[in-house]
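Read the structure below first, then the notes.
Within every chain, numbering begins at 1; the chains are lettered A, B, ... in the order of the sequence lines, protein sequences first and strands thereafter. On a predicted model such as this, the values are computed, not experimentally measured, just so you know.
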Amino acid sequence: MLGSYPIDGKFGKYGGKYIPETLAPAIEELESAYEKYRNDPDFQNELSYYLTEYAGRPTPLYFAENLTKHIGGAKIYLKREDLLHGGAHKTNNTLGQALLAKKMGKKRIIAETGAGQHGVGTAIACAVLGLSAEIFMGAKDFERQKLNVFRMKLLGANVYPVESGSKTLKDAINEAIRDWIANVKTTYYLIGSAVGPHPYPMMVRDFQSVIGGEIKQQIWEIEGTMPNAVVACVGGGSNAIGSFYTFLDNKDVRLYGVEAGGKGIKSGMHSASLAAGSEGVLHGMFTRLLQDECGQVVETHSISAGLDYPGVGPEHAMLKELKRAIYAASTDQEAIEGFIALSRLEGIIPALEPSHAISYAMKLAKEMKKDDIIVVTLSGRGDKDVEIVQDYLNKNKNNRKKKTKHAK
Amino acid sequence: MQNRIAEKFCELAEKGESALICYVVAGYPDPETSKQVINALVNGGADIIEVGIPFSDPIADGPTIQAASNAALRKGMTPNKALHVVRSVRKQHPNLPLLAMTYSNILVRAGMKKFMSNAKHCGLDGFILPDMPVEEADIYLLTASKLNLATVFLVSPNTSEARLREIVARTTGFLYVVSVYGITGARSSFQKYTLDTIRTVKQVAGAKVPVAVGFGISRPAHAKNMIAAGAEAIIVGSAVINKISEGSGKKMLNDLQNFARSMKKACKNE
Ligand SMILES: Cc1ncc(COP(=O)(O)O)c(C=O)c1O
């Protein structure tokens with residue numbers, strides 16, 4: 001049973017807890033607290049109250065009829081996590097973990113953020129549950145994502161730019177871990193994806209599995225059957241594993257994880273750790289990483305900040321090895337095309353992260369039968385990305401002008 | 001020769017001294033100078049040297065060692081080049097205990113067995129991996145014991161007694177007591193809990209393995225207090241790196257040697 005992993009903190013050979021000794025008691029405390037509350041009906045009821053009354057669950061499963069007709073292949077359904085409070089699936093996890101932290105008596109919450117989505121999600125959960133939020137953000141991202149920095153501050157969080165290393169998401173995680181080591185007694189580390197030492201990958205998966213659970217029920221109500229394929233984008237892998245988990249033991253449901261192909265895998269400028277990475281240890285887990293031959297973690301690239309991470313959750317590394325899920329990549333350009341298609345055809349501006357999944361699903365739909373069903377997890381809305389897309393399109397327009405001039 | 005670390009601790013115990021362990025970053029400020037830095041420290045009285053192999057994501061290190069590691073990486077330092085540094089230090093100092101301090105991924109990426117045999121071949125005596133807890137260490141321990149390499153584990157102020165016993169049973173060479181709740185980086189003072197931790201650890205470690213204390217130590221007075229509490233070795237890292245960063249040339253090496261001498265004096269209880 002694939003659904004029964006992790007076993008002893010491991011997904012096959014992946015996962016584990018490669019952590020400094022100071023964190024061992026904190027991880028132990030977290031493990032036993034989570035073990036207690038995951039089976040506690042009162043905790044689950046309270047979480048479910050916040051997810052429904054506050055955050056707006058269940059989210060719709062929407063038949064994208066226009067997109068489906070446009071492609072002329074399998075039926076495409078969208079799981080609308082973009083409609084969740086906060087604008088992305090991140091809130092499922094932040095509410096779950098923040099509530100757990102509160103039960104554990106921890107009042108100081110720290111978190112990392114890349115583009116700011118998880119930071120905003122953490123700030124939201126901390127505001128509503130009366131906890132204090134301290135967010136670490138790479139100095140480069142801090143500069144690039146000023147609006148989200150302000151959003152977090154509005155929600156009452158403190159945001160710290162991280163100047164070390166490559167000044168991006170991986171360094172923000174390093175700094176959050178360092179802070180946790182120094183303040184281990186009072187502090188809860190609220191990690192933003194299905195990554196890190198055990199029990200985080202399992203716990204984040206569990207909190208995000210509400211996505212796949214709803215998909216299963218909703219598609220059954222609408223179509224009376226299971227989907228043929230579930231497609232989700234993979235950064236650290238939380239929305240993807242949350243979408244997949246319920247289906248792991250339904251072997252007829254094909255699972256597709258779509259990573260950021262950036263400027264193409266061959267260019268080396270991408271974030272596809274499953275497609276192009278190798279095994280290694282980062283941020284407390286054994287997984288697949290983008291690293292050089294010496295074991296130094298390399299800088300990654302993606303047009304979507306949320307996918308720009310050199311590692312990936314260990315459960316995905318296992319699912320790839322077992323070939324239970326198929327991992328592909330969409331390039332920046334393909335993501336932009338998915339972004340535009342969904343905006344024009346369905347009136348939905350998706351975040352750039354799930355635009356990678358949309359683009360891949362469009363290709364997949366073409367190859368499938370008309371009565372086949374694809375569910376794509378639309379993990380977030382695109383308001384945060386309109387400026388990036390505008391810049392990208394302007395640059396391309398200018399390049400094209402230059403090229404045609406040369407041709408003349 | 002069979003075990004330079006154990007021999008050193010024996011020798012010092014007979015003299016009634018504690019060991020001075022100094023940490024340097026291989027390739028910082030450059031490979032050649034990092035060898036001279038080691039010479040200066042040894043001349044000043046350092047008993048054991050920890051050679052840091054730079055890693056891109058050092059989660060247990062503060063700004064000082066992060067910056068030094070990054071600088072070394074930018075200049076092209078690699079794990080293999082770090083082992084070259086070890087090899088030439090070994091040639092000059094046949095009896096000096098030499099350990100590598102690095103992160104798990106450096107060994108995992110190269111292949112545990114391949115990297116550790118190469119390290120052994122270059123004259124290394126053991127490893128310290130701050131992100132390798134005993135739970136994950138099966139292959140690491142097996143490989144190290146076949147090669148007769150020491151595997152130094154860390155304990156911290158919040159380590160439970162049960163865990164402490166388990167770690168004491170696994171660690172070889174010495175036991176590394178992390179003095180504070182925090183990461184590496186020179187500190188000006190320590191709280192009472194640090195000395196309490198050393199006492200507790202010493203009680204459990206007993207005669208099985210020497211107890212070394214590190215993280216934050218920058219002054220002879222720190223060393224004296226910790227030794228009085230039971231420490232058999234003092235580890236100085238960031239304070240050494242700071243001296244390298246602040247100075248240059250002969251003067252820097254001289255300052256380092258004097259600094260090592262002052263710390264070693266504290267270890268002799270002078
Ligand atoms: C909308 C959205 N989707 C996806 C991701 C990627 O994260 P994960 O792979 O954990 O779902 C992010 C991360 O910031 C995001 O904001």
* So, do Phe286(A) and Val108(B) sit near enough that their side-chain heavy atoms are less than 4.5 Å apart? -> yes
* Structure fact -> Distance col, row Asn174(A):CG vs Ser56(B):OG, nearest 0.5 angstrom, shows 8.0 Å
* Asked: Is there a donor-acceptor pair under 3.5 Å between the side chain of Glu135(B) and the backbone N or O of Tyr18(A)?
  -> no
* Heavy-atom distances under 4.5 Å only: say whether Asn80(B) touches chain A with side chain, backbone, both or neither. => neither
* Contact origin within Glu163(A) toward chain B - heavy atom pairs under 4.5 Å -> neither
* To do: Could you look at Leu282(A) and say if it's the side chain, the backbone, both or neither that has a heavy atom under 4.5 Å from chain B?
  => side chain
* At what distance, to the nearest 0.5 angstrom, does CG of Asn158(B) lie from CD of Glu21(A)? -> 8.0 Å
* Beyond-backbone contact of Met77(B) with Gln296(A), side-chain heavy atoms, under 4.5 angstrom -> no
* Please look at Lys17(A) and chain B and tell me whether the side chain, the backbone, both or neither of the residue comes under 4.5 angstrom of a heavy atom of that chain. => both
* Tell me, side chain or backbone of Pro133(B) under 4.5 Å from chain A's heavy atoms, or both, or neither? -> both
* Structure fact -> Okay, Asn183(A) and chain B: the region with an atom under 4.5 Å from a heavy atom over there is neither
* Structure fact -> To the nearest 0.5 Å, atom OG1 of Thr187(A) lies from atom OH of Tyr181(B) at 12.5 Å
* **Heavy-atom pair count under 4.5 Å with chain B, highest-scoring of Val298(A), Asp8(A), Ile19(A), Val184(A)** => Ile19(A)
* Asked: Are any side-chain N or O atoms of Arg109(B) and backbone N or O atoms of Asp292(A), one a donor and one an acceptor, separated by less than 3.5 Å?
  -> yes
* **Atom group of Leu289(A) that falls short of 4.5 Å from chain B, counting heavy atoms** => side chain
* To do: Heavy-atom distances under 4.5 Å only: say whether Asn70(B) touches chain A with side chain, backbone, both or neither.
  => side chain
* Asked: Quick one: what part of Leu107(B) sits under 4.5 Å from any heavy atom of chain A, side chain, backbone, both or neither?
  -> neither
* Asked: Do any N or O atoms from the side chain of Asp131(B) and from the backbone of Pro20(A) form a donor-acceptor pair under 3.5 angstrom?
  -> no
* Inter-residue atom distance Phe55(B).CZ - Cys294(A).SG, 0.5 Å rounding -> 11.5 Å
* To do: For Arg178(A) and Pro58(B), indicate whether the former's side chain and the latter's backbone hold a donor-acceptor pair under 3.5 Å.
  => yes
* **Which portion of Val297(A) sits near chain B, non-hydrogen atoms under 4.5 angstrom** => both
* **Residues Glu136(B), Lys10(A): salt bridge by 4.0 Å N-O rule** => yes
* Please report the shortest heavy-atom distance between Asp57(B) and Lys170(A), naming the atom on each side. => OD2-NZ, 2.9 Å
